[in-house]
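Computed from a predicted structure; not experimentally measured. So that the names make sense, note that chain A is the first sequence line, chain B the second, and so on, each numbered from 1. What you see below is based on every heavy atom in this structure, not just the backbone, and it leaves out hydrogens, waters and symmetry mates.
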4 protein chains.
Amino acid sequence: MIDYRIDRGSGVPAYVQIVEQTERALRMGILKVGDKLPTAKQVVAATAINPNTVLRAYRDMEQAGLVELRRGLGTFVTRSLARPAAEDDAPLRRELTDWVARARTAGLERADVLALVTTALDTYDNEHVHEQDSRTPGDREPNKKKEEDV
Amino acid sequence: MIDYRIDRGSGVPAYVQIVEQTERALRMGILKVGDKLPTAKQVVAATAINPNTVLRAYRDMEQAGLVELRRGLGTFVTRSLARPAAEDDAPLRRELTDWVARARTAGLERADVLALVTTALDTYDNEHVHEQDSRTPGDREPNKKKEEDV
Amino acid sequence: MIDYRIDRGSGVPAYVQIVEQTERALRMGILKVGDKLPTAKQVVAATAINPNTVLRAYRDMEQAGLVELRRGLGTFVTRSLARPAAEDDAPLRRELTDWVARARTAGLERADVLALVTTALDTYDNEHVHEQDSRTPGDREPNKKKEEDV
Amino acid sequence: MIDYRIDRGSGVPAYVQIVEQTERALRMGILKVGDKLPTAKQVVAATAINPNTVLRAYRDMEQAGLVELRRGLGTFVTRSLARPAAEDDAPLRRELTDWVARARTAGLERADVLALVTTALDTYDNEHVHEQDSRTPGDREPNKKKEEDV
DNA sequence: GTGGTCTAGACCACC
DNA sequence: GTGGTCTAGACCACT
């Protein structure tokens with residue numbers, strides 16, 4: 001079962017953090033179609049945020065077509081964002097795990113790693129805007145968040 | 001000069017996005033001690049956000065000891081977060097650039113890449129909590145974000 | 001300015017009624033792109049519902065791509081649902097106005113009229129499912145409500 | 001036998017939808033005094049909602065004097081809402097059927113049609129509030145919905 | 001002064 | 001016992 005970690009004081013709204021972490025789990029294949037999210041009550045017990053805040057996040061994801069809220073039953077994943085290339089034993093993933101280990105050993109903090117990756121992504125995207133859209137066909141979402149930048 | 005990109009609709013407050021992007025530029029060495037941040041007026045022209053919002057971000061960074069606001073002159077970087085291992089021509093960075101290119105070619109979206117990296121970081125950190133703290137001594141910052149999870 | 005009427009006791013949630021009435025105004029061309037919806041405060045003054053309920057409705061419409069919430073400014077229509085055939089002086093509309101007058105004169109209540117129309121729509125749709133989809137191209141909405149039945 | 005269609009996700013409670021659809025069938029003469037409603041079990045099989053929800057709807061209608069629940073036998077219509085002017089071959093109805101066909105052909109969606117009708121009803125009622133009450137004497141119902149607006 | 005987040009708690013809808 | 005709605009009020013983000 002997914003285990004939300006809310007960072008109060010990051011400035012990022014709690015419900016946004018829940019959505020982000022759920023999406024991440026979907027992309028990583030940790031959550032699959034049909035899986036049950038924790039109940040609002042369980043999330044409250046684990047994170048000390050208000051039940052309504054959890055429900056707000058779940059409702060947002062329902063409107064985005066990611067999950068379904070079934071009254072009396074719980075909240076269930078209805079759509080996968082999993083990528084084969086992101087599987088546990090995919091070569092790309094093994095290489096990344098290795099790279100991260102070396103980066104951390106070299107003294108880079110978590111934030112440094114994320115800054116490097118973001119910069120690398122920006123650089124790549126700037127050089128390839130003309131070639132392909134970053135979006136896989138069929139992956140259209142309403143009000144999709146735009147990407148940020150350095 | 002750093003070029004802020006505000007993603008309205010991401011749910012993340014605009015001033016937080018400015019701080020995040022500035023920090024990232026500091027870590028990447030794009031901004032160095034003594035460099036001047038864009039004026040509020042310039043940011044407003046580029047992003048269509050309100051001057052007060054920019055000033056709020058700059059004030060937060062001043063409190064964090066990253067920049068200094070000099071009335072009538074502008075806002076200047078007072079502290080570096082640069083990492084040698086993150087330099088432009090560092091082997092780690094070259095490897096990452098290469099990996100990102102292959103990941104994108106393999107069909108991974110930007111969000112997939114970030115999800116993978118976050119997961120890899122979480123995994124690494126969970127396995128090394130006992131060995132070392134991720135924080136370089138003396139690198140303490142106010143408002144430091146805690147880490148999240150998958 | 002659109003004037004919401006909330007029917008407490010209809011069993012239909014207040015925020016749903018706001019969304020429905022706004023959509024109706026969009027379809028009728030009463031609201032156009034760029035128009036400002038009443039502020040939450042104004043709606044509260046007129047309907048005696050809670051500001052958060054209004055904001056919930058506005059947020060839902062934002063996610064549906066119908067309006068945009070601009071902090072400090074208000075809520076603005078971003079998409080039209082207007083149909084030329086529904087214009088004030090369109091023949092179809094004149095005929096309907098006339099028909100409604102005769103129906104009411106014949107003793108039919110409002111609910112009778114709505115029941116008749118719903119039934120006529122159902123009958124028509126059942127006979128034409130194969131010919132065309134009821135949806136105008138480009139009018140795609142996420143989580144579009146399914147239609148009901150007698 | 002009436003065939004309920006529940007639109008989960010419309011925001012309208014399931015039991016309200018059952019009541020609405022039953023009332024509509026009564027007005028259209030599809031259900032007559034003495035007719036038997038489907039058993040809760042049948043409705044459950046057709047709609048995948050919970051038996052208690054169906055019973056809640058039937059109980060509401062019993063309180064409204066529309067039906068009678070006879071233990072062990074079923075639920076039976078006890079009151080008609082039929083209107084002569086709404087009969088299958090009434091001129092008004094034929095005209096409406098024709099109008100709906102033309103409206104749909106002209107590109108109007110189901111929701112457009114309902115918006116037009118609602119608006120026409122509102123307009124008519126606003127112009128005739130002084131002349132007559134829309135309610136036929138003796139047609140008083142508990143839980144009667146109040147009318148809305150554009 | 002606008003909308004936005006979050007809390008807290010009551011009550012309802014559904015299983 | 002699950003999610004859903006609504007209220008009330010505090011505080012924040014933004015113009």
*Below 4.5 Å, heavy atoms only, C-beta onward: do C/Val12 and C/Asp7 meet side chain to side chain?*
no
*Let me know, please, whether A/Thr75 or C/Thr53 comes out on the 5' side of the other along DNA chain F by nearest nucleotide.*
A/Thr75
*Do the side chains of D/Glu109 and C/Arg27 get nearer than 4.5 Å, heavy atoms only?*
yes
*A/Leu73 or C/Leu55: which one's nearest nucleotide on DNA chain E is closer to the 5' end?*
C/Leu55
*For DNA chain E, what residues of residues 35-52 of chain C have any heavy atom nearer than 4.0 Å?*
C/Thr39, C/Ala40, C/Lys41, C/Asn52
*Answer with base, sugar-phosphate or nothing: what part of the nucleic acid does A/Tyr15 contact at a heavy-atom distance below 4.0 Å?*
sugar-phosphate
_Applying salt bridge (charged side-chain N to carboxylate O under 4.0 Å, His left out), can you list everything that pairs with A/Arg59, at least two apart in sequence or on another chain?_
none
*Mind checking side chain to side chain contact (heavy atoms under 4.5 Å, CB included) for A/Arg71 and listing every partner two or more places apart, or none if nothing turns up?*
none
*Among all residues two or more places apart in sequence or in another chain, which pass the side chain to side chain contact (heavy atoms under 4.5 Å, CB included) test with C/Thr39?*
C/Lys36, C/Lys41, C/Gln42
*asked:* Would you say that D/Asp122 contacts C/Arg110 through its side chain, given a criterion of any heavy-atom pair below 4.5 Å between the two side chains?
replied: yes
*Are any of the side-chain heavy atoms of B/Leu66 and B/Leu81 separated by less than 4.5 Å?*
yes
_Paired stretches of DNA chain F - 3 or more consecutive Watson-Crick or G-U pairs, each distance under 3.5 Å_ = E:1-14 with F:1-14
*Does a side-chain heavy-atom distance below 4.5 Å link A/Ile49 with A/Arg8?*
yes
*For the residue pair C/Ile18 and C/Thr47, establish whether any side-chain heavy-atom pair is separated by less than 4.5 Å.*
no
*State whether the side chain of A/Thr78 and the backbone N or O of A/Gly65 hold a donor-acceptor pair below 3.5 Å, judged by distance alone.*
yes
*With a 4.0 angstrom cut-off to heavy atoms of chain C, pull out the first and last contacting nucleotide of DNA chain E, in 5'-to-3' order.*
E/dG1 to E/dC6
